[in-house]
Q: 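Okay, handing you the structure first.
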Amino acid sequence: TTSLAEVITVSIIFSLCSICFICTCSRSTEVFFDLTTCLCLPSDINECETIPDACKGEMKCFNHYGGYLCLPRSASVIPAPEPPIAPTEPFNPCPLGYEPQGDSCVDIDECEREEHDCQPSQQCINTLGAFTCQCPDGYRKVGTECIDIDECRYRYCQHRCVNVPGSFSCQCEPGFQLAGNNRSCIDVNECDMGAPCSQRCYNTYGTFLCRCDQGYELGPDGFACNDIDECSYSSYLCQYQCVNEPGKFSCVCPEGYQLLGTRLCQDINECETGEHQCSETQTCVNIHGRYQCVDANRCQDPYVQVSENRCVCPVNKPACRDLPFSIVHRYMSITSERSVPSDIFQIQATSVSPGAYNTFRIRSGDDNGDFYIRQINNISAMLVLARAVSGPREYTLDLEMVSVNPLLSYQGSYQTSSALRLSIYVGPYTF
């Protein structure tokens, strides 16, 4: 007999890129070539012919591939239909994924030949002897399908992550913007980007604040600045009148006054500044808020002027018998609603005879009792405002000093008097 090894001729061909081998069997009816294992195997043996009395008794032998069956003689066997004959392909002695080229086997590029089963969304990547199906970025392969990767699960974004098919995007909270890496969030300086603050803008982390200049307050919307009416808050901001202006206020004074500092009013002395219209025969007397022109000579008969502001009644005139010997003219101005009692003018004797006793009184001009005299000592007294008075108003008071000197008279006491005619102007305001 001939052994299986004797009928097999093996040729082995080596190449640099792969190892290929070619197996051939001798022409024999007892063997065939198995391409899957590259072995020469025996062909099917008909045991019904080779084995004498393969079936005993009334049994009939039926051969089949790899064995036989013993069936009753009455049995019949319906042979399976012959499989359709597939078109034969050229014999390829190379491993799967390779094809012969000359004496060697070379890789088949299934991707180029479109001999692959990748999905339309996948990319075919050729490999040695095979190929792989690669998913696009942002997808992972599960079986044969590409499934979107939810990158937001991995906390790539600092603030908010929005997953989209095959990718993701990062978003920032209001007041921030994406950094150059498209993941981190950086603060936005809204003040440099046209924040709606009407005056001042302060950038803070993630937002901004509007602030107002002095004299303004922030409106309900948090952006607009509204003027503060300081004058409505207090009546004591200005001594006379408060005028509201955008972002501030100012104080004004009435005519005849000027602003002292920013809030107080001071009388303008027109007599000193020359802003008066008194003639050369008149004397300018400054009073609160205005001025008064008075005659330089105010002496009335029977008085005669002996010096500026001083009039004397000569003793040789009979009309002077019951009148003060001298009258001195003085002028003063006081404000309205002055607190009372208030000392306003001091009377002082200029000359006193030895042994004389002096008394002071209001001779005339105080019909309503708005003033009184408080004597200080023998030579001086104080004129006191007894009641608050309002201007503009004018008083002319004759303040008399009566002197009694018993040493100068042999019969009774010698009495003389002198007067001070005080013109008091009450200004229209409390300042």
Side-chain angles (χ1 to χ4, degrees), residues 231 235-245 248-301 303-313 324 326-340 342-350 362-366 370-371 380 382-385 388-399 418-431:
C231 299
S235 59
Y236 298 100
L237 290 177
C238 298
Q239 193 172 37
Y240 175 63
Q241 183 179 355
C242 178
V243 177
N244 186 60
E245 299 177 14
K248 60 179 181 178
F249 70 95
S250 61
C251 297
V252 296
C253 297
E255 185 179 2
Y257 293 82
Q258 62 186 0
L259 204 60
L260 179 63
T262 58
R263 301 187 179 188
L264 301 179
C265 292
Q266 183 183 49
D267 172 59
I268 298 174
N269 191 333
E270 295 87 353
C271 299
E272 291 183 355
T273 61
E275 300 176 3
H276 64 83
Q277 296 179 354
C278 298
S279 66
E280 294 181 356
T281 61
Q282 293 177 322
T283 300
C284 179
V285 178
N286 185 65
I287 57 180
H288 282 87
R290 57 192 180 95
Y291 63 94
Q292 189 78 17
C293 294
V294 297
D295 292 334
N297 182 7
R298 300 190 66 183
C299 300
Q300 299 176 353
D301 189 65
Y303 288 89
V304 294
Q305 186 176 14
V306 294
S307 64
E308 184 180 2
N309 294 330
R310 189 168 187 266
C311 302
V312 173
C313 195
S326 66
I327 297 177
V328 176
H329 294 272
R330 291 288 185 268
Y331 310 94
M332 70 172 298
S333 179
I334 62 174
T335 59
S336 290
E337 302 300 328
R338 187 166 179 167
S339 60
V340 293
S342 178
D343 297 346
I344 61 172
F345 191 85
Q346 185 173 354
I347 309 167
Q348 184 78 31
T350 57
I362 299 175
R363 180 181 176 90
S364 63
D366 186 25
D370 296 330
F371 305 90
S380 64
M382 182 66 69
L383 176 65
V384 181
L385 179 65
V389 293
S390 299
R393 189 173 181 179
E394 183 178 348
Y395 292 90
T396 301
L397 302 180
D398 280 351
L399 308 180
S418 60
L420 186 147
R421 184 159 292 170
L422 181 63
S423 296
I424 303 174
Y425 300 95
V426 182
Y429 307 106
T430 58
F431 49 85

Q: I want to check something: taking the side chain as every heavy atom from C-beta on, are P324 and R363 in contact at a cut-off of under 4.5 Å?
A: yes
Q: Identify the two heavy atoms, one from A388 and one from V340, that lie closest to each other, and give their separation to 0.1 Å.
A: N-CG1, 3.5 Å
Q: So R310 and Y303, do their side chains get closer than 4.5 Å, heavy atoms only?
A: no
Q: Please lay out, stage by stage, how H288 and T335 fare under the test side-chain contact (heavy atoms from CB on, under 4.5 Å).
A: CA-CA 7 Å; H288 282 87; T335 59; 3.5 Å; yes
Q: Nearest 0.5 Å please: distance from the CG atom of D267 over to the CD1 atom of I287.
A: 8.5 Å
Q: Check the pair I327 / L420 against side-chain contact (heavy atoms from CB on, under 4.5 Å), numbers first and verdict last.
A: CA-CA 5 Å; I327 297 177; L420 186 147; over 6 Å; no
Q: What closest approach, in Å, do E270 and R290 show between heavy atoms, and which atom pair accounts for it?
A: OE1-O, 3.3 Å
Q: With T281, which residues qualify under side-chain hydrogen bond (donor to acceptor under 3.5 Å, both in side chains), at least two apart?
A: S279
Q: Would you tell me whether D366 and Y395 have side-chain atoms, one donor and one acceptor, within less than 3.5 Å of each other?
A: no
Q: Could you check whether any side-chain heavy atom of N269 comes within less than 4.5 Å of a side-chain heavy atom of H276, counting everything from C-beta outward?
A: no
Q: With rounding to the nearest 0.5 Å, note down the distance linking OG in S390 to OH in Y429.
A: 13.0 Å
Q: Run the numbers on C284 and C271 for disulfide (SG to SG under 2.5 Å), then give the verdict.
A: CA-CA 6 Å; C284 179; C271 299; 1.9 Å; yes
Q: Carefully, step by step, assess V285 and Y291 under the rule side-chain contact (heavy atoms from CB on, under 4.5 Å).
A: CA-CA 6 Å; V285 178; Y291 63 94; over 6 Å; no
Q: Looking at S336 and V426, what are the two nearest heavy atoms and their distance?
A: OG-CG1, 3.9 Å
Q: By side chain to side chain contact (heavy atoms under 4.5 Å, CB included), which residues pair with Q348, not counting sequence neighbours?
A: Q346, I379, S380
Q: Does H329 have any side-chain hydrogen bond (donor to acceptor under 3.5 Å, both in side chains) partners at least two apart in sequence or in another chain, and if so, which?
A: none
Q: If every non-hydrogen atom of I344 is compared with every non-hydrogen atom of M332, which pair is closest and at what distance?
A: O-CE, 3.4 Å
Q: Please tell me if the side chains of T283 and D295 come closer than 4.5 Å, counting only heavy atoms from C-beta onward.
A: no
Q: Do E337 and T430 pair up side chain to side chain, a donor and an acceptor below 3.5 Å, judged on atom types alone?
A: no
Q: Is there a donor-acceptor pair under 3.5 Å between the side chain of Q239 and the backbone N or O of C265?
A: yes
Q: Out of curiosity, C253 SG to L259 CG, how far, rounded to the nearest 0.5 Å?
A: 4.5 Å
Q: Apply side-chain contact (heavy atoms from CB on, under 4.5 Å) to the pair F371 and L397, showing each step before the final yes or no.
A: CA-CA 9 Å; F371 305 90; L397 302 180; 3.7 Å; yes
Q: Could you tell me the separation between the CG atom of N309 and the CZ atom of R330, rounded to the nearest 0.5 Å?
A: 6.0 Å
Q: How far apart are the closest heavy atoms of G289 and Y257, and which atoms are they?
A: CA-CE1, 3.4 Å
Q: How close do V294 and Y425 get, counting heavy atoms only, and between which atoms?
A: CG1-OH, 4.2 Å
Q: From L383 CG over to I424 CD1, what is the distance, rounded to the nearest 0.5 angstrom?
A: 5.5 Å
Q: Quick one: does any side-chain atom of Y331 pair with a main-chain N or O of N286 as donor and acceptor, under 3.5 Å?
A: no
Q: Report the distance from atom CE of M382 to atom CG of D343, rounding to the nearest 0.5 Å.
A: 4.5 Å
Q: Could you tell me if Q300 and R298 have a donor-acceptor pair between their side chains, going purely by distance under 3.5 Å?
A: no
Q: For the cysteine pair C251/C242, does the gap between the two SG atoms stay under 2.5 Å?
A: no
Q: With a 4.5 Å heavy-atom cut-off, do F345 and L422 have their side chains touching?
A: yes
